[in-house]
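Notes follow the structure.
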Amino acid sequence: MIIVPESEIAALISAQDCFEAVEAVLAAMARDQAVNFPVIREALGHADALYGFKSGFDREAAVLGVKSGGYWPANAARGVANHQSTVLLFDPDTGRPRALVGGNLLTALRTAAAAAVSIRHLARADARVLGIIGAGHQAPFQLRAAAAQHPFERVVAWNRTPERLQGLAEIAAELGLPFEVVSLERLGAEAEVIVTITSSFAAILRDAHLRAGTHIACMGTDTRGKQELEPEILARARVFTDEIAQSISIGEAQHAVAHGMIGPADITAIGAVITGGHPGRCVQDEITLFDGTGIALQDLAVASRVARLARERGVAQQVGV
Ligand code: NAD
C-alpha cells in the first residue's frame, strides 16, 4: 500500500481535480453505482473530542474506503488543526489496503468542489455577483472554487464578525474580483449566487432577503441542529442535495422537513442533474438551493485521485502490507 501524508496533498491535487472527482461520484450515485454507508459519530469522552467514520463504495470507479477523524477542540492551542481526518482506501476485489491519505486539506477542497458543482449545474448563466456568508477556515476554499467555475465579476460578503472577512478580501483581490463587506439585506438583494459556510445554529439568511433567480449553496449545516437559512426559503426553492437521507437528517432541509414545509420527495439528488435525468433550474426566476451535507463518497473520490497522482508522480511512500 502507499501513504500520502497531509504535507504532500497541496502539491498533488488542484481544485479542478477535486471538482471533476466530486462531480463524477455524484453522477455515479445517481446511476446507483455508488453508495454511502451509515455514518458513525461519537463523543469520545476524551479531550472533548468528537470522533467518527464515514465510508462508502463507488463500484464504477472501484473506490472503497473510509474517512475517519473528527473534531479535537483543544488542538488549536497546540498549533494543530481542530478538524483531523485520514482516509483509508481498500482494493474492492480483495479488501487489502491500497492507500492511507491525509484528509484535512482534502475535506476543505471537496466541500468547496461540491458547492462549485452546484453552481456549475444550477446557477443562472448570467449570474455575476457572488455572495459569501461566513469567514472561517472553509470560506476561502469556497470562494476560489466558485470563482473557478463561473464568470463572477464581483463578490459581496457577510460575517458575524466582519473583521474576519479580510482574508476573503485578499483572495478576491488575487482573483481580480472587486470585494465588498455588506449587510445581509444588501447581500441578498445583490448576490445571484450565495454560498453559506458558517457553523450557525439559527437562521441567518431570510427569505425576504433574496432576489429572484438566486442559487444558494448551503454548505455549513452538516449536523443535527445547525441552521443557516430560514425554512421558508426551502419551502419555495427548488431543492437539491448531495444525498437526500443526509439532507433531511443533518442538512439544512432538516428544519423545513421538521416544520412540515417540505418532504423528502421535494428534494432531488444533484447527481440526477449531472447525468441529465433532471433539468435542474426549470424557471429563470426561481430560487435553486443546494443542501451540501458532505458525504463519504466525496472524500473517497478526492483521496483516490490523490493516491493516483502520487503514484504517477513517483511521490507515493510505499509500505509493505
Ligand atoms: P470555522 O469554525 O472556521 O468558521 C465558522 C464560521 O461560522 C465563521 O465565519 C463564524 O463567524 C461563523 N459563525 C459561527 N457561529 C455563527 C452564528 N451563530 N451566526 C453566524 N455566523 C456564525 O468553520 P469552517 O471550517 O469554516 O466550517 C464552517 C461550517 O461548515 C461548519 O459548520 C462545518 O461543520 C461545516 N462544514 C461542512 C462541510 C460539508 O461538507 N457540508 C464540510 C466542512 C465543513
Side-chain angles (χ1 to χ4, degrees), residues 18-19 21-22 25-26 36 39 41 50 52 54 56 67 69-76 80-85 87 103-119 131-146 157-169 171 181 183-184 187 194-206 209 216-230 240-243 245-255 270 289-303:
C18 293
F19 179 93
V22 168
V25 79
L26 289 167
N36 296 293
V39 176
R41 198 167 160 87
L50 276 178
K54 291 180 156 184
K67 177 170 96 163
Y71 187 73
W72 277 259
N75 278 5
V80 178
N82 288 356
H83 286 278
Q84 289 293 327
S85 63
V87 178
N104 294 355
L105 176 60
L106 286 181
T107 300
L109 288 169
R110 68 83 155 137
T111 304
V117 166
S118 84
I119 292 168
I132 306 258
I133 296 181
H137 172 72
Q138 190 62 42
F141 295 94
Q142 302 291 342
L143 172 53
R144 284 186 195 281
W158 180 91
N159 194 54
R160 188 173 57 164
T161 44
E163 55 279 8
R164 283 188 77 182
L165 288 163
Q166 185 52 34
L168 278 189
I171 292 164
V181 177
S183 65
L184 282 171
L187 188 141
I194 299 175
V195 178
T196 61
I197 187 69
T198 75
S199 46
S200 174
F201 279 80
I204 300 169
L205 195 61
R206 308 272 160 212
H209 290 149
I216 306 169
C218 181
M219 306 305 296
T221 302
D222 59 355
T223 304
R224 194 175 298 280
K226 281 188 188 169
Q227 184 175 15
E228 298 185 293
L229 310 180
E230 200 173 36
F240 300 86
T241 187
D242 41 19
E243 192 192 78
Q246 284 205 170
S247 174
I248 62 174
S249 55
I250 59 167
E252 191 63 37
Q254 65 181 288
H255 305 288
I270 196 169
L289 188 148
F290 174 65
D291 186 5
T293 65
I295 49 175
L297 285 167
Q298 295 167 351
D299 296 302
L300 304 184
V302 292

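Counting convention: from 1, in listed order, for ligands and their atoms alike. Here the structure is a predicted model, which means the values were calculated and not measured.
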**Prompt:** Hey, is the main chain of Glu228 close enough, under 3.5 Å, to the side chain of Glu252 for a donor-acceptor pair?
**Reply:** yes
**Heteroatom proximity flag, Gln138 to ligand 1, N/O under 3.5 Å** = yes
**Asked** Among all protein non-hydrogen atoms, which one is nearest to atom 29 (C) of ligand 1, and what is the separation to 0.1 Å?
**Response** Thr198 O, 3.3 Å
**Request:** Write out the residue and atom name of the closest protein heavy atom to atom 3 (O) of ligand 1, then the distance separating them to 0.1 Å.
**Result:** His137 N, 2.8 Å
**Message:** Measuring only between side-chain heavy atoms, which start at C-beta, is Asn104 closer than 4.5 Å to Gln84?
**Reply:** yes
**Message:** Below 3.5 Å, N or O to N or O, backbone or side chain included: is there any such pair between Phe201 and ligand 1?
**Reply:** no
**Request:** Find out whether Ile248 and Gln254 are in side-chain contact, i.e. whether some heavy atom of one side chain is under 4.5 Å from a heavy atom of the other.
**Result:** no
**Prompt:** Starting from atom 4 (O) of ligand 1, which protein heavy atom do you reach first, and at what distance in Å?
**Reply:** Gly136 CA, 3.3 Å
**Message:** Side chain, backbone, both or neither: which applies to His83 and ligand 1 if a contact is any heavy-atom pair less than 4.0 Å apart?
**Reply:** neither
**Message:** I want to check something: taking the side chain as every heavy atom from C-beta on, are Thr221 and Thr293 in contact at a cut-off of under 4.5 Å?
**Reply:** no
**Request:** Locate the shortest heavy-atom distance separating Val117 from Val22; write the atom from each residue and the value.
**Result:** CG2-CG1, 4.3 Å
**Asked** Identify the closest protein heavy atom to atom 20 (C) of ligand 1: which residue and atom is it, and at what distance?
**Response** Ile204 CD1, 3.5 Å
**Prompt:** Does any N/O atom on Trp158 come nearer than 3.5 Å to any N/O atom on ligand 1?
**Reply:** no
**Request:** Just jot down the ligand 1 atoms closer than 4.0 angstrom to any heavy atom of Thr111, in number order.
**Result:** 38 (C), 39 (C), 40 (O), 42 (C), 43 (C)
**Request:** Examine Gly134 against ligand 1 and note whether any of their N/O atoms are separated by less than 3.5 Å.
**Result:** no
**Prompt:** Would Thr198 and Lys226 count as having a side-chain donor-acceptor pair, cut-off 3.5 Å?
**Reply:** no
**Asked** atom 14 (C) of ligand 1: which protein heavy atom is closest, and how many Å away?
**Response** Ser199 OG, 3.3 Å
**Request:** State, yes or no, whether a side-chain contact exists between Asp299 and Leu106 at a heavy-atom distance under 4.5 Å.
**Result:** no
**Item:** Structural part of Ile197 in contact with ligand 1, heavy atom criterion under 4.0 angstrom
**Value:** both
**Request:** Please could you name the atoms of ligand 1 that Arg164 approaches to less than 4.0 Å, counting only its heavy atoms?
**Result:** 8 (C)
**Prompt:** What's the verdict on side chain to side chain donor-acceptor pair (under 3.5 Å) for Ser85 and Lys54, showing C-alpha distance, side-chain angles and the deciding distance?
**Reply:** CA-CA 10 Å; Ser85 63; Lys54 291 180 156 184; over 6 Å; no
**Request:** Answer with side chain, backbone, both or neither: which part of Gln298 has a heavy atom less than 4.0 angstrom from an atom of ligand 1?
**Result:** neither
**Prompt:** Judging by distance only, is a nitrogen or oxygen of Gly292 under 3.5 angstrom from one on ligand 1?
**Reply:** yes
**ligand 1 versus Asp222: contacting region, heavy-atom distance under 4.0 Å** = side chain
**Message:** A side-chain contact here means heavy atoms from C-beta on lying under 4.5 Å apart; do Ile295 and Gln246 qualify?
**Reply:** yes
**Prompt:** Under a 4.5 Å cut-off applied to non-hydrogen side-chain atoms, are Leu229 and Leu289 in contact?
**Reply:** yes
**Prompt:** Under a 4.5 Å cut-off applied to non-hydrogen side-chain atoms, are Ile171 and Arg144 in contact?
**Reply:** yes
**Prompt:** Would you say Ile216 and Phe290 make side-chain contact, with heavy atoms under 4.5 Å?
**Reply:** no
**Asked** Under 3.5 Å, N or O to N or O, is Asn159 touching ligand 1 that way?
**Response** yes
**Item:** Per atom 40 (O) of ligand 1, closest listed option by heavy atom (Arg110, Gln227, Lys226)
**Value:** Arg110
**Item:** Proximal atoms of ligand 1 relative to Ala135 (non-hydrogen, under 4.0 Å)
**Value:** 9 (O)
**Complete:** In this structure, atom 17 (C) of ligand 1 is nearest to the protein heavy atom Arg160 NH1, 3.4 Å
